[in-house]
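The block underneath contains the structure these notes are about, expressed in structure tokens.
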Amino acid sequence: MGELNSPPGTPAALQRPRHSVTIEGSEAGFGVTRFDAMLNWSRKYSLFQYPFVTACCGMEFMAVASPRFDVARFGAEAPRFSPRQADLLWVVGTISQRQAPALRRIYEQMMDPKWVLAFGTCASSGGFYDNYTTVAGIDKIIRCDVYVPGCPPRPEAVLDGLLLLQDKIARGDRTPGIVKPRQDPAMGLVQLGVPSAKKEGQR
Amino acid sequence: MSQSVLDALKARFGAAILETHSNFGDDTAVVASDSWKAIGAFLRDDPAMSFELFVDLCGVDYPERTPRFDVVLHLYSVTHAHRIRVKARIGDDEGNHAKIDSLTSLWRGADWLERETFDMFGIKFEGHPDLRRILMYPEFTGFPLRKDYPAQKTEPLIAYRTEEEAGLPLGKLEPFGPDEGMSFGRKVWDTHGTT
């Protein structure tokens with residue numbers, strides 16, 4: 001869309017929105033936004049997901065979907081077991097070379113607009129399966145929007161990935177993004193590489 | 001545990017039993033490959049043996065030895081509660097002529113395990129009703145569990161996207177730096193005043 005600048009001298013209340021992604025009710029009872037912004041806003045809160053679950057990351061996926069972490073808070077709770085009804089493909093787990101044609105067909109059956117989230121290290125890069133069995137990351141065969149590293153990732157990291165995807169949808173950004181780790185809640189309980197005597201001294 | 005089984009095998013087959021041992025209580029007989037099926041039939045049918053349960057069958061590659069491969073068979077007798085491991089050595093230096101009799105006519109469960117051993121090592125089981133790959137796809141060439149198969153070689157079933165199609169580099173990234181990857185064990189985020 002082109003620039004929508006108002007003529008100079010227009011009162012502030014009557015100026016056209018430039019980067020508006022908000023919908024505000026005014027005193028007059030109406031709001032102003034751009035159509036594509038509103039469309040993206042509605043898309044990002046109604047992601048119908050297709051879970052392509054192949055491996056142990058599926059346990060964390062169940063945790064994300066269950067009440068404690070509750071992906072329903074972000075409008076992505078409805079799994080569709082037909083790719084034709086889904087617009088977010090969760091690739092959860094290791095993709096072997098034998099599964100690669102099935103995954104690509106599932107992706108091609110989805111309707112546009114569609115997004116892909118790589119759940120866990122194996123889906124993102126193949127992980128430690130650096131051999132004849134495994135596709136070294138689903139981006140070798142289909143496009144991927146968000147990578148969530150972790151083996152498996154914590155549910156919080158998955159929710160971070162979902163929020164990152166929602167942010168990308170709102171901005172219309174299709175460049176891939178990687179979820180950065182947050183602080184580990186168990187830090188200080190287990191610390192690898194630190195001799196236990198030193199750790200005791202630190203306490 | 002069941003030294004009597006090894007003794008019975010030696011008494012019955014004599015020179016076809018190349019060596020035996022009972023390391024750690026696991027009775028093992030290394031047998032001549034051409035007696036493989038006859039020994040299997042004896043172990044299953046003899047009332048003192050009665051190995052009804054076919055536990056496992058696999059291959060092992062010893063690339064610096066001739067014959068190169070081991071075929072390893074594990075059996076268990078529910079009747080007598082004893083076990084035995086039977087090995088046969090087959091194949092030349094290049095892995096050619098690695099063939100042995102199939103045991104599918106004795107134990108139905110040998111079917112898929114012999115297919116797996118064929119898939120991974122290229123050992124041919126003569127008399128197998130349906131000897132094709134079971135884990136890898138038919139387009140796959142080579143036998144991945146042989147020691148001379150390159151560890152990082154891949155044979156993709158479908159063509160990968162090119163970097164032009166993807167619009168971004170698709171090579172493997174460098175290993176995670178200290179501020180990336182899994183959040184534990186790598187970096188001290190916040191010491192909470194403990195240092």
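In this text, all values refer to a predicted model and were calculated from it rather than measured experimentally.
No more than 12 heavy-atom neighbours from other residues, nucleotides or ligands sit within 6.0 angstrom of NZ on B:K37. Within a 6.0 Å radius of NZ in B:K147, no more than 12 heavy atoms belonging to other residues, nucleotides or ligands are found. Counting heavy-atom neighbours within 6.0 Å of B:E64 CD, excluding the residue itself, gives a total of 12 or less. Counted within 6.0 Å of CZ on A:R73, heavy atoms from surrounding residues, nucleotides or ligands total more than 12; the atom is thus considered enclosed. Residue A:R105 qualifies as open at atom CZ: its count of foreign heavy atoms under 6.0 Å is 12 or below.
Note: A:P101 leads A:G137, A:S96, A:P101, A:C144 in heavy-atom pairs under 4.5 Å with chain B. In terms of heavy-atom pairs under 4.5 angstrom with chain B, the leader among A:T134, A:I142, A:T175 is A:I142.
Taking 4.5 Å as the limit, some side-chain heavy atom of A:Y132 sits within range of a side-chain heavy atom of B:M136. Using a 4.5 Å heavy-atom cutoff, the side chains of A:Q99 and B:L157 are not in contact.
Shortest non-hydrogen contact noted between A:Q97 and B:T154 is NE2-CB, 3.9 Å.
At a 4.5 Å heavy-atom cutoff, A:P153 makes no contact with chain B through either its backbone or its side chain.
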